[in-house]
Amino acid sequence: MTPRDTHATPEEVAAALRELDMSADEVGALTPVIESLQAWQAPVPTVTETRLFLARLEDRLAETAPLSASLSWRRRIALLWQIGRRQPRLIHRSVWAGSLVAMICAMCLAWFELTRQGVALGLFVPAIAATCVAFLYGPEVDPSLECVKATPVSLRFLAGSRLVTLLGYEVALGLAATAALAFHGHESFGGLVTLWLGPMALLSSCSLLLSLLLGPAFAAGSMFAAWFIQFVQIDRGPGVLLLAGPQWQTSPLLFAGALVIVLLGFWLLPAHTRPTLQSVITSENQL
Amino acid sequence: MAGETDEQLMARAMQGNRTALACLVERYYATVLGYLYRLVGHNRPLAEDLSQEAFLRLAQQDGYDSRRAFRPWLFAIATNLARDHFKAAATRRTQAGLERAALAIADVAPGPEEHALASEQGAAVAAAIGQLGEEYRAAILLRFYHGLSIQEIAQALDIPLGTAKSRLSVGTRRLRTLLVDTSQGAHP
């Protein structure tokens, strides 16, 4: 048999059949069968059809080409900015509203001297941020995640832009509350900020990692509980809240730890296929 | 580029050379279209879609080993796409596909005597091949329409050499029975 689409001679067909360990009788009987196959002609595209096919293929390739291959740096940055600035809309409204309300409550506690300013800020600001970050990304909190995964944009980029936006919002709220309380209580603004900025970074990064591994509810609950247990100590006096230990004050070490944990979380992100309760139920039903 | 082997062209296409890709398309579009047309059973639009998908996959490859023969590899891509299509449309295809094949056979336009005779024979062959199992059909198409060796068929279908041989052997015998049945049905 020749290696192209050409008509084979009877001798070639017979040779091909003998290769299949057939007897002479079988070869004789089957040779006309194989020869008759040539009667079924497949469509042969014309030169124009081939060119049109190639043009359509080029279009498809352009559509599916990765961003880095098809776009200039300026265009790529502009596109990523467009995508990134739309991410806050995909975070649930209750995350934004909830952290605002919680921050106002924490500020009121200090404002009306129900607790000390340092306690209110150091305890609540990191805990609120960590809770909100837990609900940043994942199948449980993002109904459009399946659609997002189908796009050619990096999941790391999407989650990163959401994280930056949400942490920016939490820092802004924290700074506003700190400024108000510092002004009200005549305390050092910088001193108050150091009480919560480092712990916020570390707790939020831990929360992100746990939410990716074990789910948002577990991440939020465990980080909130861990921070309260670590932060709140019952002194000899009746229910007096003490500040966190000095190791939890803002320091380069805390930021470095937070960065390492965030990088670990982002490294895990593309392979993140933790089954949801719904998917487990669905697969069991299918079985 | 005309003098370059398929493997060399594929290596260039993998590096983003669109001229090499165009050259491969020109060399193999008709072959792939013909193979898929026969494999999916008389459905040219579907064969064209699958052909486009096959060349798209080929263009997006970044792990092709140029020591590997190109033709069996290309047929492997096309066969896998057809298989995916069969799986996805399994329930729809079994009944509707047979009906469509029967309609296609019935719709052969009458022409000059030789043309009519060839069309009738072609339709009978198409119907017989359509009734073979997919695994036998692919092996027979690759061997007797596209001239692949048994070794190349084994590579393209990702099966052992002995299995390729046995599929060809069994498929050819079944095809003979089917063609005899068809001709007896047509001329009782």
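In what follows, chains are A, B, ... by sequence order, proteins preceding strands, each numbered from 1. Values reported hereafter were calculated over all heavy atoms of this structure, with side chains retained and with hydrogens, waters and symmetry mates removed.
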Is a donor on one side and an acceptor on the other found under 3.5 Å between the side chain of Y29(B) and the backbone of L54(A)?
no
Here the gap from E49(A) atom CD to L33(B) atom CG, rounded to the nearest 0.5 Å, amounts to 8.5 Å
Minimum heavy-atom distance between A42(A) and R38(B), given as atom pair plus value:
N-NH2, 3.3 Å
Please state whether the side chain, the backbone, both or neither of E19(A) comes within less than 4.5 Å of a heavy atom of chain B.
both
Please give me the minimum heavy-atom distance between Y145(B) and L37(A), naming the atom from each residue.
OH-O, 2.6 Å
Has L259(A) got more than 12 heavy atoms of other residues, nucleotides or ligands less than 6.0 Å from its CG?
yes
Chain B interface, residue from L20(A), V44(A), D21(A) that has the most non-hydrogen pairs under 4.5 Å
L20(A)
With a 4.5 Å limit on heavy-atom distance, are the side chains of V47(A) and E26(B) in contact?
no
CD of Q52(B) to CZ of R60(A): how many Å apart, nearest 0.5 Å?
5.0 Å
Nearest atoms (heavy-atom pairs only) where V125(B) meets S36(A):
CG2-O, 3.3 Å
Separation between CZ of R27(B) and OG1 of T50(A), rounded to the nearest 0.5 Å
14.5 Å
Starting at OH of Y37(B), measure out to CD of Q41(A) and round the result to the nearest 0.5 Å.
10.0 Å
Specify the closest pair of heavy atoms between A16(A) and F144(B), including all atoms of both residues, with the distance to one decimal.
CB-CE2, 4.1 Å
For E53(B), which atoms come within 4.5 Å of any heavy atom of chain A: side chain, backbone, both, or neither?
side chain
Distance in Å, L30(A) CG paired with L179(B) CG, rounded so as to fall on 0.5 Å steps
10.5 Å
If you check every heavy atom in residues 160-175 of chain B against those of chain A, which residues fall under 4.5 Å?
K165(B), L168(B), S169(B), T172(B), R173(B), L175(B)
Counting only heavy atoms not in R51(A), do more than 12 sit closer than 6.0 Å to its CZ atom?
no
Electrostatic pair R176(B)-E35(A), nearest N-O below 4.0 angstrom
no
